[in-house]
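Just so we're on the same page: letters track the sequence lines, and every chain starts at 1.
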2 protein chains.
Amino acid sequence: MRILVVEDDSKIACFVVRGLKQSGYAADHAPDGETGLALADSTDYDAMIVDVMLPQLDGISLVKRLRAARRVTPVLFLSAKSSVDDRIRGLQAGGDDYLTKPFAFSELLARVHALIRRASQSPEATRLACGDVTLDLVTREVTRAGKAVDLQPREFTLLAFLLRHAGRPVSKTMILEHVWDYSFDPQTNVVDVVISRLRAKVDPDHTRLETVRGVGYVLRPHV
Amino acid sequence: MRILVVEDDSKIACFVVRGLKQSGYAADHAPDGETGLALADSTDYDAMIVDVMLPQLDGISLVKRLRAARRVTPVLFLSAKSSVDDRIRGLQAGGDDYLTKPFAFSELLARVHALIRRASQSPEATRLACGDVTLDLVTREVTRAGKAVDLQPREFTLLAFLLRHAGRPVSKTMILEHVWDYSFDPQTNVVDVVISRLRAKVDPDHTRLETVRGVGYVLRPHV
DNA sequence: CCTTCTCTATGCGCATTCTCGTCGTCGAAG
DNA sequence: CTTCGACGACGAGAATGCGCATAGAGAAGG
């Protein structure tokens, strides 16, 4: 779940990004409209949070251009003004929701949640499972064969990612991008290391988490 | 639990807001009807306390317009007049309760309590518990293993918040928002400090209040 | 003015995560 | 069938950064 935050006030941006990360989302930040559009254009975000007042390219125009390019990423507008007019303009431009500053973070989170859930049609599962392995995104509990397993943060994020793609191989590049937030392969073997630790904890008999040589890894649904 | 106070007399407003905060509520204040309506429109309050006599837009009209917009937030009217007529007008406009000035703060608090309890259908638990830790929101008594524990206000609010979410991790951002009423992260470590003090008083053997690295804290239900 | 409570600042300790190095395994080609 | 090359597995040590505790400053209340 990756979210783009387009916001010029660095304090607000920093606060929002941090909060989203603490809630388990990956978050990118663009300080102006142009950068935001470029990022939105090149990455497939699950949602965007866009300030209306932005340098270079305002939020409304940004979203209009995004929609013109047939991008349907759900957008939540942020604005200092609370006038009904502004709200209407935002929604007409293709925004999906509207929040006025100052706002409570929990409200922002709730709305983003709703947006993603609506967009993906299927309610955002809080509980992932594959075979006898289960993972709860909210309580952060992981079990194998009914027994609780204690995972470190990185291991947790990686397992969650694998579970989301259970049955299909995921490349190391993908993993680095979504779990480590790296855009480029920094010539490292971190993934191998954490996969190794994950196997020891979650797949001791080596039947669930398979290696696909030259590609990456698969989580086997059967077993 | 967030409450909006719409009241033009700044002394009364200040007094009420302070009292609510001390009782563990988050409270906002609007000095006139227009501001009040705008705030009520953009935020999801758990209850509102509205003076009938207000500049710009009187309390009755405010609530009428709120109800017209299908908002069901419970409203308690404040008024200087105690005439039965006024009371009827208020309730007809969509108010849920009515209190005449001057009033005792404890009475206001009791009624707000009742309003929220009624609105949320599930009676607002006055007593929270998790494992051998109990907390009473009304008497402000806290016990651990049957023995009373003396908490400072901040510590009390934080513990109450953790108890409400027992079993699920709560992020520091959330804590700052609900316990400190900060909308933005002021780059501080207050949360850590108060957690530390809370542990010393309520969880000396470090079994109940766990750290979730990079996220926040959990209160463990078992033990 | 004194007390009580809360916030800020700092350094330390430790958990987590990364890097490195070696060993093992797989697959292809001769 | 054997050999060679490349990729992956995994353990051990090192670095980073997060969280904890403490003390002192500041604010609020009596």
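- For the pair B/Lys21 NZ and C/dT6 P, the computed distance is 14 Å after rounding to whole Å.
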Discussion item. Between B/Val194 and B/Gln152, does the side chain to side chain contact (heavy atoms under 4.5 Å, CB included) criterion hold? Intermediate values first, please.
Written reply: CA-CA 10 Å; B/Val194 178; B/Gln152 294 169 355; over 6 Å; no
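- Taking CG of A/Leu66 as the start and CG of A/Leu37 as the end, the distance is 6.5 Å to the nearest 0.5 Å.
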Fill in: Annotated protein contacts, base or backbone, on nucleotides 22-30 of chain D with a non-hydrogen cut-off under 4.0 Å, one of B, S, - each
B--------
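- Screening A/Leu209, A/Leu135, A/Val149 for a side chain to side chain contact (heavy atoms under 4.5 Å, CB included) involving A/Val202 leaves a single residue, A/Val149.
- Rounding to whole angstrom units, CG of residue B/Asp192 and P of D/dC18 are separated by 11 Å.
- Residue-environment remark: CZ (B/Arg168) stays at or below the threshold of 12 foreign heavy atoms within 6.0 Å.
- Atoms CG (A/Leu151) and P (C/dT16) sit 11 Å apart, rounded to a whole Å.
- Taking atom NZ of A/Lys201 as the reference point, atom P of D/dC10 lies 14 Å away to the nearest angstrom.
- From A/Asp203, atom CG reaches atom OG1 of A/Thr207 across 4.5 Å, with rounding to the nearest 0.5 Å.
- The residue from B/Leu158, B/Ile175, B/Val212 that alone fulfils the side chain to side chain contact (heavy atoms under 4.5 Å, CB included) condition with B/Tyr217 is B/Ile175.
- Note that CG of A/Leu159 and CZ of A/Arg144 are 12.0 Å apart. Values are rounded to the nearest 0.5 Å.
- Partners of A/Arg18 by salt bridge (charged side-chain N to carboxylate O under 4.0 Å, His left out), not counting sequence neighbours, listed by chain and number: B/Asp185.
- In this structure a side-chain-to-backbone donor-acceptor pair under 3.5 Å is missing from A/Arg140 to A/Pro153.
- Residue B/His206 contributes atom NE2, which lies 10 Å from atom C1' of D/dA21 at whole-angstrom precision.
- For the pair B/Glu210 CD and D/dG19 P, the interatomic distance rounds to 14 Å; values are reported in whole Å.
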Discussion item. If you apply the rule side chain to side chain contact (heavy atoms under 4.5 Å, CB included), what do you find for B/Thr143 with B/Asp132, and how did you get there?
Written reply: CA-CA 8 Å; B/Thr143 66; B/Asp132 59 353; over 6 Å; no
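- Remark: A/Phe15 CZ to B/Glu177 CD distance equals 6.0 Å, nearest 0.5 Å.
- Within a heavy-atom distance below 4.0 Å of DNA chain D, the residues of residues 211-218 of chain B found are B/Thr211, B/Arg213, B/Gly214, B/Tyr217.
- Residues from residues 152-163 of chain A that place a heavy atom under 4.0 Å from any atom of DNA chain C, listed by number: A/Gln152, A/Pro153, A/Arg154.
- Rounded to an integer number of Å, the gap from B/Ile175 CD1 to D/dG19 P is 11 Å.
- Side-chain proximity of A/Lys172 to D/dC20, D/dG8, C/dC18: nearest is D/dG8.
- The rotation axes computed at either terminus of the helix from C/dC1-D/dG30 to C/dG30-D/dC1 lie 30° apart, taking five pairs at each end and rounding to 10 degrees.
- The side chain of B/Trp180 places an N or O atom within less than 4.0 Å of a non-bridging phosphate oxygen (OP1 or OP2) of C/dC7.
- At distances below 3.5 Å, not a single donor-acceptor pair connects side-chain atoms of B/His206 with backbone N or O atoms of B/Arg199.
- Here the C1' atom of nucleotide D/dC20 and the CG atom of B/Leu198 are 14 Å apart, to the nearest Å.
- By the 4.0 Å N-to-carboxylate-O rule, B/Asp192 lies close enough to B/Lys172 to be salt-bridged with it.
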Got a list of side-chain donor-acceptor pairs under 3.5 Å for residues 44-53 of chain A, not counting sequence neighbours?
| unit_1 | atom_1 | unit_2 | atom_2 | d |
| --- | --- | --- | --- | --- |
| A/Tyr45 | OH | A/Asp28 | OD2 | 2.6 |
| A/Asp46 | OD2 | A/Arg2 | N | 2.6 |
| A/Asp51 | OD2 | A/Lys101 | NZ | 3.2 |

